[in-house]
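To keep things clear, I will list the structure first and then write my remarks on it.
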Amino acid sequence: MTLSSLPGFRDFYPEDFALRDHIVSGWREVARRYGFVEYDGPPLEPLELYTDKSGPEIVDQLYTFVDKGNRAVALRPEMTPTLARMVGARAQALPKPIKWFSIPQLFRYERPQRGRLREHLQLNMDIVGETDVMSDAELVAAAIDAVRHFGLNSEDFTARVSDRRLIGIVLQEVGVPEGRIVEAILALDRAERQGDEWLAARLTELGVDEAGVRSVLDVRGHDLDGLTAHFAGSRDVAEAADRLRAFFALMSDHGLSAYVTFDSRLVRGLAYYTGLVFELWEREGRLRAICGGGRYDDLLAALGGPDLPALGFGMGDVVLGELLKEKGLAPERQASVDDFVVYVTLAQRSAAIRVARRLRERGRGVAMDYRGRSVGRQFRAADQLGASRTIVIGPDEERDRTASVRDMATGEEKVVPLVELIEGV
RNA sequence: GUGGGCGUAGCUCAGUAGGUUAGAGCGCCAGGUUGUGGCCCUGGAGGUCGCGGGUUCGAAUCCCGUCGCUCACCCCA
């Protein structure tokens, strides 16, 4: 048996599953606290759901095949098209804002690397049907809490925030033609990796004159005030900046100011964002973004869904999991057993099983030895399982209807009547 | 898709001027005489040295290919 899992796919051994479950239940808890409700869709979707509206690079990375009914199908690479369809079907009936979350397993055929596999779990939280800046702030707050929940704080990670509309207006101010704003925005995104020279050349290509290019390079990295000061003459810039200021004021109300910073260099690669964009990053490490999202007011309609404003984010379990392991915040193992019931001789086995049953009925996690090994070995097994108590049933205990209960942490042991043992749980 | 590094037991790693049955620690299993764990002692299981081919009398050690992991690109949920 030499079969291994496919590249980029994971086997979850119990200790791995412990981390996965820790993350997933933490996310659920945070989503619940923000008033989001959970939904899910099929992992397998019609291929057209993605080919029609998604970019070619996404289509290249799709897991696709033709099923036995001769349908072209794909494993879902993202959740938004499914969300658009589901919300679309009931758009009229659902009270707004619609606050839904999901933790789908998503698939993408690409080169696996640290923090990026071909499959991952991703928390998706979306708000549909609301444009107020308060929804922007609450969504980012939820994203931050979805990381803070695991014990990370503002020394560990930070949220970079920007606004596509503001950046678009700035680009318009410096002379990018109306129809090429999106291209210029994507160029800004690539410039993070390609450098200023590349950006200058690209902007020139897009029709920006020398002064405009200099202007863009100047304001890259400026804070919000610096940016508005630079374009002091523009009412549009001032207005767009005001929304961001309101956003930061709200983040302060959420008590999360320490986490958020405006970053004019952040634009995110996806073409469909129309306003707020944000990413969560580990402060020091070389890991990828923990999370990314933003406002996409036109996307649902573009996907054939309802014409409703929306915003959302995706947060993968892979990068977050790496980070938790790095910081020593990952659980070592799944919850251990509560009680280990020892039978001293085979004659007490039945009595011991009955005790175990009563304890289980009370909700205790109980384990026993199967082979009647020596008491010493049974204790060792109890220790290995991390039992908090070991309950010994021997001839004396059986006769007296008692049990010897040993606290495994302190080593303290006492004889307790069975009734008390069971009722005391 | 492109380039670099790596690939020996479940884990962390030794082991090259190529030479008889490939090692250690941890972990696992069984004992240490049948009523008590964490320590200790003894024994054991477990490896086609990633896989395939080549060079050689002989390869874990050299060469080629391939797969996987990883890092940097590319791209990004």
Side-chain angles (χ1 to χ4, degrees), chain A residues 1-11 13-15 50 54-62 75-83 102-124 186 189-190 192-194 267-273 279 286-294 296 312-319 322 340-348 352 369 371-398 403-413 415:
Chain A
M1 188 69 166
T2 53
L3 289 179
S4 55
S5 65
L6 288 167
F9 284 78
R10 297 171 286 176
D11 286 329
Y13 287 87
E15 63 270 24
Y50 308 109
S54 302
E57 65 286 341
I58 292 188
V59 173
D60 283 346
Q61 296 176 339
L62 240 31
L75 290 172
R76 60 185 174 194
E78 54 172 331
M79 203 54 184
T80 310
T82 302
L83 173 71
S102 190
I103 307 178
Q105 188 173 28
L106 303 178
F107 306 87
R108 267 202 172 173
Y109 192 90
E110 56 180 347
R111 186 75 163 246
Q113 277 184 36
R114 182 172 189 213
R116 182 171 62 183
L117 305 171
R118 287 177 174 175
E119 146 276 316
H120 74 160
L121 297 165
Q122 188 188 68
L123 169 65
N124 278 250
L186 296 181
D189 182 51
R190 285 196 64 182
E192 288 227 55
R193 301 177 291 271
Q194 301 285 342
V267 286
R268 288 188 59 71
L270 291 176
Y272 55 66
Y273 288 113
E279 289 181 345
R286 288 298 316 141
L287 293 173
R288 295 152 200 288
I290 304 166
C291 160
Y296 50 93
F313 70 82
M315 180 183 298
D317 72 313
V318 180
V319 173
E322 296 274 347
F340 193 98
V341 179
V342 170
Y343 48 105
V344 175
T345 77
L346 235 37
Q348 285 82 50
D369 181 65
R371 284 182 297 174
R373 291 186 295 180
S374 72
V375 173
R377 295 293 154 182
Q378 293 191 53
F379 263 89
R380 191 181 290 186
D383 186 50
Q384 283 177 323
L385 290 171
S388 49
R389 298 190 305 182
T390 300
I391 293 161
V392 181
I393 309 293
D396 298 346
E397 288 88 348
E398 188 183 19
S404 295
V405 180
R406 183 181 179 90
D407 183 305
M408 293 299 275
T410 64
E412 207 177 307
E413 186 168 327
V415 178

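Here the structure is a predicted model, which is why all the values come from computation and not from measurement. Order of the sequence lines sets the chain letters (A, B, ...), proteins ahead of strands, with each chain counted from 1.
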Whole Å only: how far is the [atom1] atom of [X] from the [atom2] atom of [N]?
X: A:Leu117; N: B:rC75; atom1: CG; atom2: C1'; answer: 16 Å
X: A:Arg389; N: B:rG38; atom1: CZ; atom2: P; answer: 21 Å
X: A:Glu15; N: B:rG27; atom1: CD; atom2: P; answer: 15 Å
X: A:Ile391; N: B:rG37; atom1: CD1; atom2: P; answer: 18 Å
X: A:Glu110; N: B:rC73; atom1: CD; atom2: C1'; answer: 14 Å
X: A:Glu413; N: B:rG37; atom1: CD; atom2: C1'; answer: 11 Å
X: A:Asp407; N: B:rU36; atom1: CG; atom2: P; answer: 19 Å
X: A:Asp369; N: B:rA30; atom1: CG; atom2: C1'; answer: 14 Å

Using the [atom1] atom on both, measure [N] against [M] and round to a whole Å.
N: B:rU55; M: B:rC69; atom1: C1'; result: 29 Å
N: B:rU34; M: B:rG50; atom1: P; result: 47 Å
N: B:rG7; M: B:rU66; atom1: C1'; result: 13 Å
N: B:rG37; M: B:rA17; atom1: P; result: 49 Å
N: B:rU56; M: B:rC74; atom1: C1'; result: 43 Å
N: B:rG47; M: B:rC28; atom1: C1'; result: 15 Å
N: B:rG25; M: B:rA59; atom1: P; result: 29 Å

Are any side-chain N or O atoms of [X] and backbone N or O atoms of [Y], one a donor and one an acceptor, separated by less than 3.5 Å?
X: A:Tyr343; Y: A:Asp369; value: yes
X: A:Asp317; Y: A:Leu121; value: yes
X: A:Glu78; Y: A:Leu106; value: no

Donor-acceptor pair under 3.5 Å, [X] side chain vs [N] base:
X: A:Gln348; N: B:rG35; value: no
X: A:Arg377; N: B:rC29; value: no
X: A:Arg380; N: B:rG38; value: no

Considering Watson-Crick and G-U wobble pairs with both distances under 3.5 Å, what does [N] pair with?
N: B:rG68; result: B:rC6
N: B:rG47; result: none
N: B:rU56; result: none
N: B:rC76; result: none
N: B:rC11; result: B:rG25
N: B:rA30; result: B:rU42

> Regarding A:Arg118 and the six-membered ring of A:Tyr109, is the cationic atom NZ or CZ under 6.0 Å from the ring centre and inside 45° of its axis?
Replying inline: yes
N/O (side chain, [X]) to phosphate O (OP1/OP2, [N]) under 4.0 Å:
X: A:Gln384; N: B:rC28; value: yes
X: A:Arg373; N: B:rA30; value: yes
X: A:Arg116; N: B:rA72; value: no

Across the strands shown, which category fits [X] at heavy-atom distances under 4.0 angstrom: base, sugar-phosphate, nothing?
X: A:Gly394; result: base
X: A:Asn124; result: nothing
X: A:Glu119; result: nothing
X: A:Thr390; result: nothing
X: A:Gly411; result: base
X: A:Arg118; result: nothing
X: A:Arg76; result: nothing
X: A:Gly293; result: nothing

> CG of A:Leu123 to CZ of A:Phe313: how many Å apart, nearest 0.5 Å?
Replying inline: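 It is 4.5 Å, given to the nearest 0.5 Å.
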> Do you know which of A:Val392, A:Leu385, A:Ile391 makes side chain to side chain contact (heavy atoms under 4.5 Å, CB included) with A:Phe340?
Replying inline: A:Leu385
